[in-house]
Structures are given as structure tokens and as C-alpha cells.
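Chain letters run A, B, ... following the sequence lines, proteins first, then strands; residues in each count from 1.
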4 protein chains.
Amino acid sequence: MTAEFKTSKPIYRQIAERIIQQFVRGEIQTGEKLPSVREMAIQSGVNPNTIQRTYGELERMGVIETKRGQGTFMTEKAEVKRRLRVSIQQEMIHQFIQNMRGIGVKDDEIIKVVEQFLNEGSEDVD
Amino acid sequence: MTAEFKTSKPIYRQIAERIIQQFVRGEIQTGEKLPSVREMAIQSGVNPNTIQRTYGELERMGVIETKRGQGTFMTEKAEVKRRLRVSIQQEMIHQFIQNMRGIGVKDDEIIKVVEQFLNEGSEDVD
Amino acid sequence: MTAEFKTSKPIYRQIAERIIQQFVRGEIQTGEKLPSVREMAIQSGVNPNTIQRTYGELERMGVIETKRGQGTFMTEKAEVKRRLRVSIQQEMIHQFIQNMRGIGVKDDEIIKVVEQFLNEGSEDVD
Amino acid sequence: MTAEFKTSKPIYRQIAERIIQQFVRGEIQTGEKLPSVREMAIQSGVNPNTIQRTYGELERMGVIETKRGQGTFMTEKAEVKRRLRVSIQQEMIHQFIQNMRGIGVKDDEIIKVVEQFLNEGSEDVD
DNA sequence: GTGGTCTAGACCACA
DNA sequence: GTGGTCTAGACCACG
């Protein structure tokens, strides 16, 4: 695996966001076991401490649960997943709209340029 | 003035973005003189070093020009403003689309939720 | 049964404390036979190792006794029960007082707030 | 300074609790500057990383605020202090009562034994 | 100077 | 085996 990381954002957070994305997209199931700290560290090519931090952050968010000596698991509460998806999406949109307004783009223009952007191309889906 | 700053993003960058926004929106004219480093530092309630950095960043972007002994000015090249506006806007949209796809939102849904968000309300225009 | 456990405290200790509580409250009699390690493990929904540890801890405290080939029993010494109750109680009070003093609550206030707390309500008796 | 730490509880949490206690008791004022991470590490005789963690925890609780490049400060919101004191106290009492009930002590007895404990002596105020 | 992140390596408690 | 804590030491961005 050994993904690469943007230098601007902390690695531990990038990994956390990646996990959340996979969870929200359904690539990780609720209640599913995550790789152990050490395992994930190797997969991601980082130090175990960094993963520890990632998992810690996610646990505080209620996204994962750690069971002593057994490993860490995605939360089993499906409701968390729903809530997560909605709030993240809303936050993204809100941020985007605010940014666009910030540079003087009118609301009706926003729709237009987004549509235009989507039509023009860019098959890159991350 | 003494604005407040989000703790997550570097202050010098927040100020830089604010200036660019004002420029792109036409609140600052091309060729207009900017406050001196000290003056701006006082206005913003931050350390002069921070403004120094802001101006440095903006100069590297070609957005401002410093004339020895006269002060710092917004670039006079109207073309820069145009280019700036387009590239920033494209970057915002690109980032937004990528984020939305990241959490599994299909392209045709993106348009919908944006429209919905704009209609639903939020009179706060920054 | 399959009780749930607080994640903050070791499971083996939580179970030990539960047994001691039941003993001190008279729900378990002196000399009474305890479930086997396996049995208890199933009842509690935990790993037998964990119960092993619980029993080991309790034995070191002199609260239970294991008779080879017969099983594990609550101690028959009634005196242990008495001593246990007193020492646990004292320890709890001592800890509590110390905590309250730690945040600056004066001794005469402690009594008051406890009384107040008891009167105010909370029918939840564990 | 170089205090000693109980082995059972994480050092970073013990330090956090000590700071909170001092804050609630008024030994640290709202808005007061705390020692830098390195400074505090030396004072406490631990690794800077440990203090980093302490400060991180406290910041998440809203007890302290970090200002980039300037240091970390006790929150200026006096309301946090009040809320903190009340909630900590309530939690302590709740825990205590629950413990006492757990070993079969009746409510009216609880008051008595606490009073008795306070009268009997123990001038040790930590 | 400040806090923030990361690595390497170790030890521990727990299941 | 698992996660949790801690140290030592390094580098970086920020003000």
C-alpha cells in the first residue's frame, strides 16, 4: 500500500480522513475490524505512534471503538455513519459556498460554474 | 479592526487570503497602495513579522509589488487580477468536487445538493 | 448475562469488584461455591484468561480460596468479610475527601453537598 | 518541582488533573500563561511529548488555549471554570455515593460515616 | 522563542 | 497478539 501524503496536513489526520471516507463510502463496514496499530503502520509506511494518534482521534469522534487486547473496530452504530456523512457533506458545501462568495461569485453563478466544470471533463476520481 | 483568526490556519495566510479576496472583489484597486507593514500589523493586531510574511507571500505570487522607499502596492497588471480570479475559482471547484466524490457523492447529486443548500437559506454572506 | 464493561478500567478488575460487592452486600455467602473459570467466563462473556486473573487477584486478597479438584469458594472466614467491608469503605471515603479537598471544597461544605446530592434525587441505585 | 507520579494513572493525565485542580482552586488565574511545553517538562521531570499530550487534552476540554508561537494560556472564559468546578464535584459525589451504595451502605449511613471520618482526624490535606 | 509533528525504540497491561 | 504510554531526539512552521 504505502500511500503518499500531502506535506501540508498532518499525516495522522490524513489517514484519519481516509478511513472516514472509506467508512462513509461503504468500503469499510460498521463493526469491521481495522488493522492493528502495527499492521496499519506498516501498510501506511509510517511510525506506529502516528497510527496510534489517528486511532485516538477517531475514537474521540466516536467513529471507532477499541476493545482491550482485541483490536480496534469501526463503530457498530449505523447512526454514526449517517450523521457523519451528512455533517461532512454539509461542511464541505458550506465551506465551498462561502469561499466562492468570498471572491465575489454570485449564487446563481456558482451553480453554473460547477456544472460547467463537471461537463468539461476530468475523469480523475481521486 | 483587530480581527480574530481561526487557530487552525496560519495567520499570515489568513491575512493574505483576505487581501486577495478584497482584490478580486474589487474592494482594493489595481495599483492601490497598501498599508505599511507596521500599520497593517496594528490594524490586524498581529506581530509585524506576520505581515512581513504575508507581503512576502503575496509578492512571490505577483499580486503585490514593493517599491523601495515608497511602499507596497497592488500589482498594476489587470491581467493578474483576472488570472487570479479564474485560477482560485477553478482550484476551489476542483477541490470541492474531489472532496464530494471522496465521500461517495455522484456528480449529478453534487449539483442537486448545492442547489438545495443555496435555496434552503443561510443569509450569512460572510 | 453478558454484562458490559467500562472501557477505562481493566475488565478483570471490574469483575473482581463486582464479586466483592456482592459478597459484602450478602448476595454471595461465605463459603459459597463460585462458578468455574470457564462457566464464569461464559456468563460474563469474556475470555477465560480474564477470569483466571480475576480469581487470582481475589485469592491474593484472601477473599476466595481454591480447593484442588473441587472449585473455588468464597472464604469461610466471616472476619474477612467484616474487615473487607470496613477497609473498602474507609478507602472510598478517604479518596473522596481527598478529591473534594483537591478542588478546594472545605470540610464543612463536603457534608452539605453530599446531603444535598442525596436529597435532590437520583433514584438510580446502581 | 519534579513531583512524583502514581504509576497506575498515565502521567499526562495526572498532570492535566493537577492543572485543573489548581485552576479550580484559584491558584491559576483565567487567562494566565502556562509554562511552555519544554519548561513544564523540565519542571515536572518528564519528556516534552508527555506535556504536549497533557496540553492537547486540556485544549480539547476547552480549559486552555494555545496561541501560535506565543504559548499556552488558561482559558479566559470564567464560565468554563465555574462549569468545570461544578461538573467535577458532581461527578465525584456521584461516584462516591454509587460506590458506597454498591457495598450496601444506606444513604443515611453515608452522611454519618463521612462526618465521623472528618472528625476522627487526618490533617493531611494532600 | 513557541507549539506541532514524526520517528525509533522501548516497556507495560490486557485478553 | 492487542492497544497504551513514555522517552529521546529531531525537524518544522509560526510569531
Side-chain angles (χ1 to χ4, degrees), chain A residues 5 7-15 33-41 44-59 64-73, chain B residues 5 7-15 37 41 44-54 56-57, chain C residues 5 7-15 37 41 44-54 56-57, chain D residues 5 7-15 33-41 44-59 64-73:
Chain A
F5 298 101
T7 50
S8 52
K9 212 184 291 185
I11 294 175
Y12 78 90
R13 196 178 294 276
Q14 292 182 50
I15 297 177
K33 187 176 188 303
L34 289 173
S36 78
V37 171
R38 291 163 177 81
E39 172 68 17
M40 179 68 107
S44 302
V46 300
N47 188 286
N49 280 339
T50 305
I51 302 298
Q52 197 76 281
R53 202 164 180 181
T54 296
Y55 280 7
E57 184 115 314
L58 290 174
E59 186 163 29
I64 70 178
E65 287 167 6
T66 72
K67 295 180 185 168
R68 338 172 49 91
Q70 300 187 41
T72 69
F73 303 80
Chain B
F5 298 99
T7 50
S8 52
K9 209 186 290 185
I11 294 175
Y12 82 91
R13 191 180 299 275
Q14 294 182 49
I15 297 176
V37 169
S44 302
V46 300
N47 190 300
N49 283 344
T50 306
I51 302 297
Q52 199 68 273
R53 202 161 188 170
T54 297
E57 185 108 317
Chain C
F5 298 100
T7 50
S8 52
K9 209 186 290 185
I11 293 175
Y12 83 91
R13 191 181 299 276
Q14 294 182 49
I15 297 176
V37 169
S44 303
V46 301
N47 191 299
N49 283 344
T50 307
I51 302 298
Q52 200 67 273
R53 201 162 190 171
T54 297
E57 185 106 318
Chain D
F5 298 101
T7 50
S8 52
K9 211 184 292 185
I11 294 176
Y12 79 90
R13 197 178 295 275
Q14 292 182 49
I15 298 177
K33 187 176 188 304
L34 289 173
S36 78
V37 170
R38 292 164 177 79
E39 172 68 17
M40 180 67 108
S44 302
V46 301
N47 187 287
N49 280 338
T50 305
I51 302 297
Q52 197 75 280
R53 202 164 180 180
T54 297
Y55 280 8
E57 185 116 314
L58 291 174
E59 185 163 28
I64 70 178
E65 287 168 5
T66 72
K67 294 180 186 169
R68 338 173 50 93
Q70 299 187 41
T72 69
F73 303 79

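Phosphate proximity of F/dG3 to A/Thr66: absent, as no side-chain N or O sits under 4.0 Å from OP1 or OP2.
Put simply, the side chain of D/Gln52 and the base of E/dG4 share a donor and an acceptor less than 3.5 Å apart.
Rounded to an integer number of Å, the gap from CD1 of C/Ile51 to P of E/dC14 is 14 Å. As a whole-Å value, the separation of A/Lys33 NZ from E/dA15 P is 15 Å. A straight line from CZ of D/Phe73 to P of E/dG1 spans 16 Å, rounded to a whole angstrom. Atom CD of C/Glu57 is separated from atom C1' of E/dA15 by 15 Å (rounded to the nearest Å). Put simply, CG on A/Leu34 is 13 Å from C1' on F/dT2, counting in whole angstrom units.
In this structure, A/Arg68 and C/Ile11 approach most closely via the heavy-atom pair CD-CG1, 4.1 Å.
Between the B/Thr50 side chain and the B/Tyr12 main chain, no donor and acceptor come within less than 3.5 Å of each other.
One distance of note links OH of D/Tyr55 with OG1 of D/Thr72; it measures 4.0 Å at 0.5 Å rounding. Between atom CG of residue D/Asn47 and atom CD of residue D/Gln52 there is a gap of 10.0 Å, rounded to the nearest 0.5 Å.
For the salt bridge (Lys or Arg N to Asp or Glu O under 4.0 Å) test, residues two or more places apart in sequence or in another chain that qualify with A/Lys67 are A/Glu76. Not counting sequence neighbours, D/Glu65 has no partner by the side chain to side chain donor-acceptor pair (under 3.5 Å) test. Residues satisfying the salt bridge (Lys or Arg N to Asp or Glu O under 4.0 Å) test with D/Arg38, not counting sequence neighbours, are none.
Identified under the salt bridge (charged side-chain N to carboxylate O under 4.0 Å, His left out) test for residues 46-57 of chain D, with sequence neighbours left out: D/Arg13-D/Glu57, D/Glu57-D/Arg60.
Consecutive Watson-Crick or G-U pairs involving DNA chain F, each under 3.5 Å on both distances, make up stems of three or more pairs at E:1-14 with F:1-14.
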Could you write out each protein N or O paired with an N or O of nucleotides 11-15 of chain F at a distance under 3.5 Å?
unit_1, atom_1, unit_2, atom_2, d
F/dC14, OP2, B/Tyr12, OH, 3.3
F/dC14, O3', D/Arg68, NE, 3.1
F/dG15, OP1, B/Ile11, N, 3.4
F/dG15, OP1, D/Arg68, NE, 3.2

